[in-house]
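These notes concern the structure reproduced below.
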Protein chains: 2
Amino acid sequence: MNTDSQTEITDDNLARQRLRLWLQMLKATRHVEGVLRDELRSGYDTTLPRFDVLATLHATPEGMKMSELSTHLVVSNGNVTGVVDRLVSEGLAERTNMESDRRAFLVRITEKGRVLMDEMTANHLEWIDKLFADVTETDAARGISIMLDIRRKS
Amino acid sequence: MNTDSQTEITDDNLARQRLRLWLQMLKATRHVEGVLRDELRSGYDTTLPRFDVLATLHATPEGMKMSELSTHLVVSNGNVTGVVDRLVSEGLAERTNMESDRRAFLVRITEKGRVLMDEMTANHLEWIDKLFADVTETDAARGISIMLDIRRKS
DNA sequence: TTTGAAAAATTGATATATAAAGTAAATTTT
DNA sequence: AAAATTTACTTTATATATCAATTTTTCAAA
């Protein structure tokens, strides 16, 4: 048991510093999402969730299961169902039945989706590069490490 | 104009590293939000957006305008309207007309809200402290600095 | 001081999101 | 192998979110 008052104060300060980091993460994330959302809407008439799913499929041309998509994007299962529904109706993605497991679907990007994403991902990289212009390579590496540390917990 | 091929490769690597940071920020943020959401629902039968607004009001007992709330939380104006509506109907927040500007409202936490938040914020600090347990004080400071750098852009 | 533009909120339409319940298929248990 | 679980996904209900349009007020300029 920790009964040392100096240590308690130190622990409390650390906790508050961690809280500050969390609040700043939230603000920064929402800020970036806002900019990306504007670019996607004005330039491509699409939304961030659709882009996120399609970008994932673009990076994995062999396709993914619905559950793999939701795990990768850290969103709920039902959420992915709806977004993929719209992508399919727009002809940008396709659902294929899996012969190995008839409960599951293999979701894949279509040729139309691939062509679109070839262009969009290049722009996306530029948007991020501008937004993160003040972040050095060292800081980026450190930031990535911190984010991984956070996600490792519970 | 940059025509040096070595520099181009370096720039490209940096851009890709920044993109990696962004993707990890998104994942970490969603992970933490998921944990907080679960705690708030199971422990207090409330939601993350409601908590975020109420926590802001709790930290500013003199109250804030709707637009100040939305700016602070980096969400849209219409969004805040709805969340505050529910907080008011639950008796946790109140709207007051501003004599200085009849277009605006002053939103304040109620006594009932304050009592509730006194307890919730303490728990919230603990949840974050656990989730960020692997983040040292130095890393937290660096992380905060990185987040501020990002938000300063555009 | 009247006109015009900007600011503060709300509203309505649409798209996300989650949670919980439900369906169907695959696995594990007994 | 029949029963109980688990897994993969969808569906429904509800709560966020954004955007665009609208209302009301304020502010600035002619």
| query | Think B/Thr47 has a side-chain N or O under 4.0 angstrom from the OP1 or OP2 of D/dT16? | reply |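 So the side-chain polar atoms of B/Thr47 do come within 4.0 Å of the phosphate oxygens OP1 or OP2 of D/dT16, strictly under.
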| Given D/dC19, is OP1 or OP2 found less than 4.0 Å from the side-chain N or O atoms of A/Arg41? |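 Answer is yes, contact under 4.0 Å.
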| request: Kindly state each residue pair satisfying side chain to side chain donor-acceptor pair (under 3.5 Å) with at least one member in residues 58-69 of chain A, sequence neighbours excluded. | output: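 For residues 58-69 of chain A: A/His58-A/Asp118.
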What protein N or O atoms touch nucleotides 9-11 of chain C N or O atoms at under 3.5 angstrom, if any, and at what distances?
| from | atom 1 | to | atom 2 | distance (Å) |
| --- | --- | --- | --- | --- |
| C/dA9 | OP1 | B/Met66 | N | 3.4 |
| C/dA9 | OP1 | B/Phe105 | N | 3.2 |
| C/dA9 | OP1 | B/Phe105 | O | 3.4 |
| C/dA9 | OP2 | B/Ser67 | N | 2.6 |
| C/dA9 | OP2 | B/Ser67 | OG | 2.7 |
| C/dT10 | OP1 | B/Arg95 | NE | 3.1 |
| C/dT10 | OP1 | B/Arg95 | NH2 | 3.1 |
| C/dT10 | OP2 | B/Thr81 | OG1 | 2.6 |

| task | Anything under 30° is parallel, anything over 60° is perpendicular, the rest tilted; go ahead and classify B/Trp22 against A/Phe132. | result |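 Rings of B/Trp22 and A/Phe132: perpendicular, as their planes differ by over 60°.
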| field | Those residues that, when tested against A/Arg102, pass side-chain contact (heavy atoms from CB on, under 4.5 Å) (two or more places apart) | value |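 Expected list: none.
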| request: For A/Ser100 and for A/Leu48, locate the closest nucleotide of DNA chain C by heavy-atom distance; then report the residue assigned to the nucleotide nearer the 5' terminus. | output: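 So the residue in question is A/Leu48.
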| Residue that, paired with A/Asp129, satisfies salt bridge (charged side-chain N to carboxylate O under 4.0 Å, His left out) out of B/Arg18, B/Lys153, B/Arg20 |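 By the salt bridge (charged side-chain N to carboxylate O under 4.0 Å, His left out) criterion, A/Asp129 pairs with just one of B/Arg18, B/Lys153, B/Arg20: B/Arg18.
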Whole-Å distance separating the [atom1] atom of [X] from the [atom2] atom of [N]:
X: B/Glu33; N: D/dT16; atom1: CD; atom2: P; answer: 13 Å
X: B/Met64; N: C/dA8; atom1: CE; atom2: P; answer: 13 Å
X: A/Arg86; N: D/dT11; atom1: CZ; atom2: C1'; answer: 13 Å
X: A/Asp101; N: D/dT10; atom1: CG; atom2: C1'; answer: 15 Å
X: B/Asp45; N: C/dA20; atom1: CG; atom2: P; answer: 10 Å
X: A/Arg37; N: D/dT16; atom1: CZ; atom2: C1'; answer: 12 Å
X: B/Arg50; N: D/dA15; atom1: CZ; atom2: C1'; answer: 7 Å
X: A/Glu99; N: C/dA25; atom1: CD; atom2: P; answer: 16 Å

| request: Of all the heavy-atom pairs spanning A/Ala15 and B/Leu125, show the shortest one and how long it is. | output: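 Shortest heavy-atom contact: O-CD1, 3.7 Å.
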| said: So B/Asn97, base contact, sugar-phosphate only, or nothing? Heavy-atom distance under 4.0 Å. | reply: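 Result for B/Asn97 = nothing.
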| query | Which part of the nucleic acid, if any, lies within reach of B/Ser76 when heavy atoms closer than 4.0 Å are counted: base, sugar-phosphate only, or nothing? | reply |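 Touches a base.
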| said: On DNA chain D, does the nearest nucleotide to B/Pro49 precede the nearest nucleotide to A/Gly34 from the 5' side, or the other way round? Give the residue. | reply: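 This one resolves to B/Pro49.
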| Tell me, do B/Leu54 and B/Ile109 make a side-chain contact under 4.5 Å, heavy atoms counted? |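 Touching, per the 4.5 Å side-chain cut-off.
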